[in-house]
Amino acid sequence: MTNEELKIKLTELNPAATFEEGGEWLNLFIDAADLLSFTKTIKENSELYFDYLFCLTCVDWKTHLTMVYHFSSTKHRHNIVVKVKLDRTNPEIETLSFLWRTAEFHEREVYELFGVKFLNHPDLRRLILTDDFEGWPLRKDFEDPINMIKL
Amino acid sequence: MISLEKIATLIDGWLHQHFNDVITLLIECVLVGVGAIALFALLGLGLVWMERKVAALMQIRMGPNRVGPKGIFQTSADTLKLIMKEGLTPDGADKLLFNLAPVLVIIVAMLILAPIAFAKNFQIWDINIGVLYVSAVSSMSVIGILMAGWSSGNKYALLGAMRSGAQIVSYELSAGISVLTIVVLTGSLQISEIVQSQQTGWWIFKGHIPAIIAFVIFIIAATAETNRAPFDLAEAESELTAGFHTEYSGMKFALFFLAEYINIFIVCAIGATLFLGGWMPLHIGNVQAFNHAMDYIPSSIWFLGKTLFLIFVIMWFRWTFPRLRVDQLLNLEWKYLLPISLVNLLVMTVIAILGWHL
Amino acid sequence: MFRQTEIINQPSTIPPSKEEGEYLTINVGPQHPATHGVLHLVITLSGETIINIEPHLGYIHRSIEKMCESLSYRQFIYVTSRMDYLSSHINNHACALVVEKGLQVEVPQRAQYIRVIMDELTRIASHSLWWGAMAMDLGAFTPFFHAFREREAINEIMEETCGARLTMNYMVPGGVMVDLHPNFQQKTKALIQAYYNRLDEWDELVTGNIIFQNRMKGVGMLSAENAISYGCTGPVARGSGVSCDVRKIYPYEIYNQLQFDEILETGCDSLARYNVRLKEIRQSLKIVEQLIDNIPEGEFQAKTKAVLKLPKGEFYQRVETARGELGVYIVSEGGTTPYRIKFRSPGFSNLSALNHMVKGSKIGDLIAAMGTLDLVIPDIDR
Amino acid sequence: MFIKNYIKEVFGAVKSLWTGMRMTGYYFTHKKEVITEQYPDNRATLQLAERFRGEVVMPHDENNQHACTGCSACEIACPNATIKIINKFDILPDGKKKKAIDKFVYHLELCTMCGLCVEACPTSAIKMANTFEHSVYDRRQLTKTLNQPGSKIREGVE
């Protein structure tokens, strides 16, 4: 499906979604509460069939965090980007690890680098850093006077 | 012509002239002990060097070439280094067993040296159950390995030791049975008689196909018993880091290392004795000129040559094959080697009864 | 902000131990011969059978994503050589492509050809190294040296043209850094011829070996659905029959003009993944063969501004590295440095499938399965 | 039937093993295949690629002149702050001041040999040399001043 077709179809599924123009792929913002049901639909809908979550990350916009999910379909070969805005002080979102197993590791990485708490995650522990590490390193306000050298 | 037999007789004669029987025996025991240890050291150094050279050439490398000509003193230098190193004993280890294990392994290796015929009439102890003695004693080395693995207090070592236990116990069977096929032919367990029986031809030539099959099975089982690749599951470098000797260092590690090579030498010597005629020279039918020429080569050279050839084959295996998995290892033994060697033994018995081998 | 202790759950995957001492926990790594780096796996064993595997990462995490946030669009490319150091060309390529996408730069034909040739040579080198390491994991040491001999020839070609053997930094936004060395074509042609013979040798030495076949067959099963679900890409997914070659599906540069096959195997086991990689070497050789005589004359680098500024927006580029799909996601605020950069590395996702693949099998199988994942730890840790 | 398969299996296995052993046997008997390079001994015959990026150097001509204008393009291009340029102002005979380099400090220990500085240099004043034996006993020796003492900028280079 082309981006336009996808847009029509996705609007049907989730009227609350807002679209962002300009990118290579269709970008849509949805509400954090809708994420699980929405992604479940787009995974199981045979026309969309987004069965492949190929990138899961987070961006710190200083005022808020944005979770970015890149979905692709191995059957139809179309891609979308789903974004969810999160509160910066207490970011919480449903985990997708039951729909896409790859999300388990990616969410652990996002958790420890951005501090996003994934609800119902089967094993939300730190993956890279030590257990007693403080702070969320990939956030923009992270400071580490010892290990970060400003050039 | 100087032969080992003559030297031995000379020494024996000289001692008898000067001392009474008891002292002679004592002195001879000491001499044999010293000789065995010296042989050990030499074999260890030589075989390690040989292994490294064989491996290097197969791996398109040069191998040791810095210490001495062609690097022959490299292993001596390594030994020196190992002696200088601290022999650590981990805190969690069972101290007594941990230190005892390498000694036990090396003692077992030393014991098997007794009945081996190195040259014509040159043998430490020509016991009349020689073959039985060898298979009985060689299975004791597993105790040393289990001891090392268990007492280290290391999980890798424990896993390696357990693997080694299962492996050696099961491969004893097919090794024993393939030895038995030759015993059936000769009708004797005594090493010197087995060698004598091959005067007209080595068993591998005149024993028909069953002897060849027995030989192949023996080589495979011998490789497994010495924990060599492709059966080096007890060490399994990429799985268990170093297996049962993970925690050993310095000279204690060197003892394990040495024992491995001594064991290879011994199983290959047994193989050479049983199948390739021990120190018997190669004779072809009635070609007298050829047979005389062969007779001219000293018997000790024949023995060593055959043994080294078998050692080379085992090294060749090691540097060619990947390692088996633990269940495949046991499958190979129980599903292939053991049934084949049992059938083989049966066929061989029939041959022996019918007298086709003479 | 919430406290960490609240969210450290017990991992649900470990079954409750029946008695004390029922299971054996072993640390494989961070220093271990089979992990090819500083991967740390905590394995729960019952005898020799694996109950659970838990990777602990981060031993060489250099926070490349954070570093890139302070590097300019020309500078950040060199860092990516240090992620998956065995396919550094392809990493650099991905970064160059994403910057070009943002800048809307047209890359000269010659540069595209050179880039693709370099990519494929890198892939061959990487698969060669993997082949040797795989055989070594299974206990055969000799293939390792043979693989290194072959790889060395490629490294020498790289060294002559790019000036480095491993961390090339040869791709720049707009093309490549320097033109090909005069000897390049001749040497590469000689290499291709030699390589076909070498591959036959490899088959004799390892592939046909009965021990090897038995070690690989039916080990580390990963079904197609699970491969997709775990986000596996590259030879790992293709060994399970999932068509995922970025070069075919989302072609970049001149891949859509080339004749090559996407290798698919349906065995789903380690042997299938092994076969995929060996066949891919042949495909890569075929690609290089097609290109090497037809490199067009012209510029090797497009004219770009001294200071690059990407427009505000988000750019994503995926390429096929030797290990799978590498995605570079750049969020730009219009400045000279990326606002946020994310590398979606193939090894990270492939590693996550390891636990699923080897649960219930023996330790030896873990090594065989992990070997076919072709993990490069800096790629996982970034 | 079972026996036949069994025997076939055994022979197939032995054959596959023999194929592998033939290969290693070939290498064992052909010493010319050895590819080891005896590195420190073969220094005299060692061929290095001329483009090999070993360290940054500043070529000087016979008049002890270089082409560096002190524009700091390399310093900006460097991702690791490997290069530090300290400028001075020469007073020309007509009284004008002219910018020139005082010191071109190069930290080899920080350098990743990416070659971006050479790319950035507008006057080709620096290049990558293919030396590679950089080990020293004191890390301070790795901080180098690339312009030779008393060197001047070549005439006509702007």
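Keep in mind the model is a prediction, meaning the values are calculated, not measured. Each chain gets a letter, A, B and so on, in the order its sequence line appears, and its residues count up from 1.
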Please state whether the side chain, the backbone, both or neither of C:N214 comes within less than 4.5 Å of a heavy atom of chain B. both
Does any backbone or side-chain atom of C:N27 lie under 4.5 Å from a heavy atom of chain B? Answer side chain, backbone, both or neither. backbone
Report the C-alpha separation of B:I266 and B:S138 in whole Å, then their side-chain angles, then the decisive distance to 0.1 Å, and conclude whether the side chain to side chain contact (heavy atoms under 4.5 Å, CB included) test is met. CA-CA 9 Å; B:I266 284 162; B:S138 68; over 6 Å; no
Verify salt bridge (charged side-chain N to carboxylate O under 4.0 Å, His left out) between C:R282 and C:D200, making sure each step is shown before the conclusion. CA-CA 11 Å; C:R282 289 181 194 271; C:D200 293 340; 3.3 Å; yes
Portion of C:V219 that has a non-hydrogen atom of chain B nearer than 4.5 angstrom: side chain
If you tally heavy-atom pairs under 4.5 Å against chain B, which of C:H146, C:Q31, C:M136 wins? C:H146
Below 4.5 Å from any heavy atom of chain B, which atoms of C:I210 appear? Answer side chain, backbone, both or neither. neither
Among C:I26, C:T142, C:D365, which has the most heavy-atom pairs under 4.5 Å with chain B? C:T142
Kindly say whether the aromatic ring centers of C:F148 and C:W131 come within a distance under 6.0 Å. no
Pair B:F231 and B:F317, ring centroids less than 6.0 Å apart: no
Kindly check if the number of other-residue, nucleotide or ligand heavy atoms within 6.0 Å of CG (C:N197) is above 12? yes
